[in-house]
Peer 1: 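Please read through the structure below; I'll follow up with questions.
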Amino acid sequence: MLKSMLKATVFATTLALGAGAFHVAAYAETVYNRGSAAEPESLDPHKTSTIYEAHILRDLFQGLVMQDVKANLIPGAAESWTVSDDGTVYTFKLRKDGQWSDGSPVTAADFVYAFQRLEDPATGAEYASMLYPIKNAEAVNSKGAKPEEMGVKAIDDHTLEVTLNAPTPYFLEMLTHQATYPVNKAAMDKLGADWVKPGNLVSNGAYTLAEWVPNDHIKLVKNPKFWDADTVKIDVVNYIPTEDRSSAMKRFEAGEMDSYDDLPTEQLADLQSKFGDQIRVGPYLGTYYFSIKTDKAPWDDVELRNAISMAIDRDFIAEKVWQNSMLPGYSMVPPGIEGYTPAMAKYADMPQIDREDEARKILEKLGYTPEKPLKMEIRYNTSENHKNTAVAIQEQLKPLGVEVSLLNTDTKTHYAFLQEKGDYDVARAGWIADYKDPETFLGISRKASGNNYSNYDSPAFETAMDKAAAAGGKPEERMKDLADAERILVDEVGNIPILYYSYHDIVSKKLHGFEDNVMDVHPSRFISKD
């Protein structure tokens, strides 16, 4: 942990560390101390899945396309692209001045290698299914096809051709995700698993990795080889993982952090009074949900899953736990995606008391009463907000004959457990849009997805999703097919949606370029500091 307050002097800025200290000369460097609500599990783009990792990787790497301060699509490693008339072939022209941090050129072959590595079963990438729209990607990942059979080809050093199975409207925006970032094969071949360590990691983004002290800080420094380095204003970005939201507020007030990406919502009114417009709360394209083990008794009973979901008082949780900074959620796809109407749970408009009565009847029919309770464990990752949510649900279910126990672990451990298909009943999870399309919220429940924590497996859902993918060139038909798929998912309670997200940021007035947007994306390369 950082032990002392950040102290600015005329001559130097020193950030004292538990294991030592790093010094930043005043006038020489601009330092952005960026608080984060969790420690990353990895900085290998192909082995990550959380937003905490995404923020860091967005600074270290650059995909073919990227997002600007408003989360709009802009050129990245590719300066331009064309799309065939039938919407299935994308041809990207890479920047001729694109370099890795070791000075070697970024080439089309780097992206071919990265895409093939993501699909290689040996990589174990949770996001392998993201590239399934690419021709033969699924066959490589799950059916033993050779990597070179994928529809990814380097025409020359600066021309990359990608062939899709069918038109995929969200394909370009999907390429902003860290799973599609390039990796440096030469460094990986030379260093093996150590390629991601500070001093070893070769990246092509605005920053390079200088230090990583677990649970203390991750230090990034400006990359002089980055093609747009002259416009990058921040010299050093220190990511400071702090899971205790209340502690983070104190550190922000003390000047140890310039921003932090969450808030203790039970303190929201006081925080807004104290910090004013430094508190940022607004629409965020994401769903807060509970994953429920659909292949484990008794949770393999759809009636039981539905009773649990029905009994949860989302209005109370949104109002009392989250101080109206989140909205009650009844679908996996949140509102706000153009052209799409989410499929809501059929009980969404029922009064809460009627829902509870119906849930009680189902539970009694299944043999569960307060005298003979159903035992249910809720796992959650460290956060006052998540704990308070779980406690509220614990109290709501108790009168209906459900005895809830709670299990808390740090975020890194929590998600590693889910990703490894650990044995559990119910677990908190959240999904933030990887791109502005319903598929990003529905695709995580496909059988092949590494993010299918519930082990949900529905042939009807798979068929509907396949139909939507085949209708890629017909937007209205595709959206209808996706809504049909969501209807199946919601009715079968593949997950239990609880809330629709808002972003909760605290941002110093010294920062500029930290612009509010529905993706809560804030690349450090666009930020400056007084």
Side-chain angles (χ1 to χ4, degrees), residues 265-266 268-269 281 283-284 286-292 294 298-299 301-336 341-378 380 384-406 425-431 441 454 486-487 489-502:
T265 54
E266 75 275 10
L268 185 57
V281 178
Y284 189 19
T287 301
Y288 186 111
Y289 70 98
F290 275 8
S291 173
I292 185 164
T294 61
W299 315 109
D301 186 329
V302 67
E303 262 199 305
L304 177 60
R305 299 198 300 269
N306 193 56
I308 297 297
S309 179
M310 193 182 306
I312 295 172
D313 188 344
R314 293 158 174 82
D315 291 323
F316 176 89
I317 294 169
E319 180 181 351
K320 300 299 184 183
V321 175
W322 292 87
Q323 301 297 302
N324 291 315
S325 67
M326 303 268 263
L327 296 173
Y330 297 93
S331 60
M332 277 306 292
V333 182
T341 301
M344 301 287 180
K346 291 177 179 177
Y347 56 78
D349 292 329
M350 288 174 62
Q352 183 63 32
I353 191 169
D354 292 344
R355 289 188 215 162
E356 291 169 6
D357 287 343
E358 185 64 27
R360 183 180 286 105
K361 290 177 185 176
I362 295 171
L363 289 165
E364 288 176 350
K365 185 180 79 169
L366 295 174
Y368 303 114
T369 65
E371 294 71 35
K372 294 178 61 178
L374 167 68
K375 294 186 184 298
M376 182 176 96
E377 180 186 81
I378 297 177
Y380 66 93
E384 301 95 310
N385 303 331
H386 303 333
K387 178 181 179 180
N388 293 340
T389 300
V391 168
I393 291 173
Q394 181 183 49
E395 293 300 314
Q396 291 169 6
L397 296 181
K398 185 176 181 179
L400 304 183
V402 183
E403 187 177 293
V404 176
S405 59
L406 307 180
D425 299 336
V426 175
R428 190 216 79 85
W431 195 258
F441 292 96
S454 292
E486 186 178 21
R487 169 53 54 206
L489 175 65
V490 170
D491 287 351
E492 294 182 350
V493 200
N495 291 299
I496 300 178
I498 307 291
L499 301 160
Y500 301 130
Y501 269 103
S502 295

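Quick note: numbers below take in every heavy atom, side chains included, and nothing from hydrogens, waters or symmetry partners.
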Peer 1: Do any N or O atoms from the side chain of E486 and from the backbone of M332 form a donor-acceptor pair under 3.5 angstrom?
Peer 2: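 Checked: pair present.
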
Peer 1: Does R314 reach the main-chain N or O of P497 with its side chain, forming a donor-acceptor pair under 3.5 Å?
Peer 2: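 Answer holds: yes.
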
Peer 1: Let me confirm one number: the OH-CG distance from Y330 to D349, rounded to the nearest 0.5 Å.
Peer 2: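 With rounding to 0.5 Å, OH (Y330) is 8.5 Å from CG (D349).
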
Peer 1: Determine yes or no for a side-chain-to-main-chain donor-acceptor pair under 3.5 angstrom, with S331 supplying the side chain and A343 the backbone.
Peer 2: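 Not at all, since once roles are kept as given, no pair shorter than 3.5 Å links the two residues.
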
Peer 1: Under the salt bridge (Lys or Arg N to Asp or Glu O under 4.0 Å) criterion, do D301 and R305 qualify, and how do the steps go?
Peer 2: CA-CA 6 Å; D301 186 329; R305 299 198 300 269; over 6 Å; no

Peer 1: Using distance alone, with no hydrogens and no angle criterion, decide if S309 and R355 have a side-chain donor and acceptor under 3.5 Å apart.
Peer 2: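 Side-chain D/A pair, S309 to R355: absent.
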
Peer 1: Would the distance check show the side chain of T369 and the main-chain N or O of K372 forming a donor-acceptor pair, the cut-off being under 3.5 Å?
Peer 2: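 Such a contact is found between T369 side chain and K372 backbone.
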
Peer 1: Might you work through the side chain to side chain contact (heavy atoms under 4.5 Å, CB included) test for V402 and Y368, ending with a clear yes or no?
Peer 2: CA-CA 7 Å; V402 183; Y368 303 114; over 6 Å; no

Peer 1: Taking R428 for its side chain and A390 for its backbone only, find out whether a donor-acceptor pair lies under 3.5 Å.
Peer 2: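 Pair absent, no side-chain N/O of R428 close to backbone of A390.
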
Peer 1: Hey, could you give me the CD/NZ distance between E266 and K320, rounded to the nearest 0.5 Å?
Peer 2: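 If we round to the nearest 0.5 Å, E266:CD and K320:NZ are 14.5 Å apart.
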
Peer 1: Taking E384's backbone N and O only, do any of them form a donor-acceptor pair with N388's side chain (distance below 3.5 Å, no angle check)?
Peer 2: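 Side chain of N388 to backbone of E384, a donor-acceptor pair under 3.5 Å: yes, one is there.
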
Peer 1: Between S291 and S454, does any side-chain donor sit less than 3.5 Å from a side-chain acceptor?
Peer 2: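 A donor-acceptor contact under 3.5 Å links the two side chains.
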
Peer 1: If I take atom CG from residue D357 and atom CD1 from residue I362, how far apart are they, to the nearest 0.5 angstrom?
Peer 2: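 Between D357 CG and I362 CD1, I get 11.5 Å after rounding to 0.5 Å.
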
Peer 1: Going by the rule ring-ring contact (aromatic ring centres under 6.0 Å, His included), which residues pair with Y288 if we only count those two or more places apart in sequence or in a different chain?
Peer 2: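 Testing Y288 for ring-ring contact (aromatic ring centres under 6.0 Å, His included), a comparison that skips the adjacent residues, returns W322, H386, Y501.
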
Peer 1: Could you grab the distance from atom CD of E377 to atom OG of S405, nearest 0.5 Å is fine?
Peer 2: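 Answer for the CD-OG pair, E377 versus S405, is 4.5 Å.
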
Peer 1: Once rounded to the nearest 0.5 Å, what's the spacing between atom NZ of K387 and atom OH of Y380?
Peer 2: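 Here the interatomic distance stands at 5.0 Å.
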
Peer 1: Any sub-3.5 Å donor-acceptor pair from T287's side-chain atoms to Y289's backbone N or O?
Peer 2: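 Answer holds: no.
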
Peer 1: Measuring from atom CE of M310 to atom CG of L363, what distance do you get when rounded to the nearest 0.5 angstrom?
Peer 2: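 Going from the CE atom of M310 to the CG atom of L363 covers 9.5 Å.
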
